[in-house]
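Comments concern the structure below.
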Amino acid sequence: MRDLKDDPLGLSDHILTWYDNHARALPWRISPKDRALGIQPDPYRIWLSEVMLQQTTVAAVKDYFHRFTQRWPTVQKLAAAEDGDVMGEWAGLGYYARARNLLKCARVVTDEYAGVFPTTHDSLLKLPGIGPYTAAAISSIAYDLPETVLDGNVERVMARLYNIDAPLPGSKPQLKTLAAALTPNRRPGDYAQAVMDLGATICSPKSPACGICPWRDPCLARTAGTAQSLPQKTPKKPKPTRRGHVYLARASNGDWLLERRPDKGLLGGMLGWPGSEWSEDPAPNPPFASDWRDLGGEVRHTFTHFHLILQVLVTELPTQYPPTERHLRVAADDFRPSDLPTVMRKAFDLWHSQ
DNA sequence: GAGTCGTGGAC
DNA sequence: TGTCCAAGACT
């Protein structure tokens, strides 16, 4: 039943009706029509999609989701995968701690929960890589429990609906309270997806389509004419520029010298080229002494909190030469540029274009 | 709580 | 070109 106390205007019913007619078809989604027929989502697919969607667009996730579910159809299959295979499949999607935690979580669910994801917010929150948002998303979307999702979309929608001036992230608790008050006990899973869909399509950051919004009448920001400028955010720090060197050593038979990066820190657990530190003025640090030739061009890449300019140096890899244990000699047939994080793939692309 | 952690598309 | 932003988590 509807919560008349917290939702006197029946906003949740209204947006659910909108969702019934406008829900986007997504690979991991059960349509509202199918849900009404009693079809339940696969919690494994909901969990996988939600982790992939953290700070990532639907468009970027789709192909990865298909490859992962095709290769590992169940959480038990994923739990049994080799670490390197999962990292390689995740390559290019970014935020690689997600992939490491994904595998940890799959193994916990397999070993300690018999392959069945828990249903409650608190139990989900204890799993690796599952924070407040993802716990609420799995609980509501996969199990249809009345938890409140608070992602960037919901924050924006609530800030506008109630015309909240206070800047994020400080205003987050207030927005959470407002969002919780609207969460219905009826169809909470569809409701969660409805609010996020609204934020992703109509109530967009730059130019919201208020004219066709199902909540245009009750929206206080629309009345006040402030929708486009909400939510306010505290200003960000400028990004410094760092420099570095990477070393591409290729043998005459096509073998490459790569390294597995340490699990913690930037690009943790991913393959990469041996290289220098990344700093304002990095010291050269070739993996072995040789006549390293500068490729000439530069690799430019921007991370979350700094810009990077890489100098690419190349030489021939001596026969039977793995300098240290962390280095890997990868045969040409086993080398797939798609296994590399994007910044490392850019360095390869520069070599390839020469 | 502020820093860290990727990438690509939109504007 | 640069900036912002995306279904955030972890430290």
Side-chain angles (χ1 to χ4, degrees), chain A residues 23-24 26-29 45-65 87 90-102 104-105 124-142 147-157 168-170 172-173 176 179 189 191-201 203-207 228-229 231-242 261-270 272 278 300-308 338 340-346:
Chain A
R24 293 178 294 171
L26 298 173
W28 46 85
R29 172 174 287 176
R45 292 165 63 89
I46 297 302
W47 162 72
L48 178 61
S49 67
E50 289 301 341
V51 173
M52 287 183 167
L53 285 164
Q54 290 168 6
Q55 297 292 286
T56 309
T57 58
V58 167
V61 162
K62 279 186 177 171
D63 288 348
Y64 284 86
F65 181 82
M87 300 311 288
W90 196 277
L93 198 53
Y95 283 135
Y96 297 101
R98 293 185 296 172
R100 300 194 302 274
N101 287 328
L102 188 83
K104 280 187 198 168
C105 184
L124 287 162
L125 199 52
K126 292 175 181 151
L127 296 171
I130 297 184
Y133 164 76
T134 305
I138 296 172
S139 197
S140 62
I141 297 172
E147 295 292 338
T148 300
V149 294
L150 189 69
D151 71 331
N153 290 308
V154 180
E155 288 172 356
R156 183 171 57 257
V157 170
L168 284 166
K172 200 165 176 172
K176 170 81 175 185
Y191 173 80
Q193 296 175 91
V195 184
M196 291 191 284
D197 265 24
L198 184 72
T201 58
C203 196
S204 56
K206 298 285 175 63
S207 52
Q228 196 150 359
S229 63
Q232 308 229 26
K233 298 192 175 181
T234 55
K236 309 173 180 178
K237 291 175 55 178
K239 297 178 182 185
T241 297
R242 299 180 191 170
R261 298 173 62 86
D263 271 345
K264 293 193 174 182
L266 195 66
L267 309 180
M270 299 300 291
W278 296 346
R300 290 177 173 272
H301 193 76
T302 299
F303 293 99
T304 310
H305 52 292
F306 66 92
H307 303 285
L308 180 65
S338 63
L340 301 175
T342 298
V343 64
M344 299 295 175
R345 188 181 49 73
K346 283 183 180 176

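Residue numbers start from 1 in every chain, and the chains themselves are labelled A, B, ... in the order their sequence lines are given, proteins ahead of strands. Because only heavy atoms are used, hydrogens play no part in the values below, and waters and symmetry mates are left out as well, while side chains stay in.
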Have a look at A:Trp28 and say if it touches a base, only the backbone sugar-phosphate, or nothing, with a 4.0 Å heavy-atom cut-off. base
Using heavy atoms to find the nearest nucleotide of DNA chain C for A:Ala137 and A:Gly129 separately, return the residue whose nucleotide is more 5′. A:Ala137
Side chain to side chain contact (heavy atoms under 4.5 Å, CB included) with A:Ala200: which residues, sequence neighbours excluded? A:Arg24, A:Asn153
Please name all residues satisfying side chain to side chain donor-acceptor pair (under 3.5 Å) with A:Gln193, sequence neighbours left out, ordered by chain then number. A:Arg29
Using a heavy-atom cut-off of under 4.0 Å over every strand shown, decide if A:Pro169 touches base, sugar-phosphate, or nothing. nothing
Sugar-phosphate, base or nothing in reach of A:Ile138, heavy atoms under 4.0 Å: nothing
With A:Glu155, which residues qualify under salt bridge (charged side-chain N to carboxylate O under 4.0 Å, His left out), at least two apart? A:Lys172
Could you go step by step and tell me if A:Tyr133 and A:Gln54 meet the side chain to side chain donor-acceptor pair (under 3.5 Å) rule? CA-CA 9 Å; A:Tyr133 164 76; A:Gln54 290 168 6; over 6 Å; no
Residues forming a side chain to side chain donor-acceptor pair (under 3.5 Å) with A:Ser49, sequence neighbours excluded: none
Atom C1', compared across B:dG6 and C:dC5: separation rounded to whole Å: 13 Å
Under 4.0 Å protein heavy-atom contacts per nucleotide of nucleotides 3-11 of chain B, with B for base, S for backbone only and - for none: SSBBBS---
The salt bridge (charged side-chain N to carboxylate O under 4.0 Å, His left out) partners of A:Arg345 (sequence neighbours excluded) come to A:Asp349
A:Phe65 meets the ring-ring contact (aromatic ring centres under 6.0 Å, His included) criterion, sequence neighbours left out, with A:Trp28
Chain A vs DNA chain C, heavy-atom contacts under 4.0 Å, first-to-last nucleotide span, 5' to 3', is C:dC5 to C:dC10
Not counting sequence neighbours, which residues clear side chain to side chain contact (heavy atoms under 4.5 Å, CB included) with A:Tyr95? List them please. A:Gln55, A:Arg98, A:Thr304
When the C1' atoms of B:dA2 and C:dA7 are compared, how many Å lie between them, rounded to an integer? 23 Å
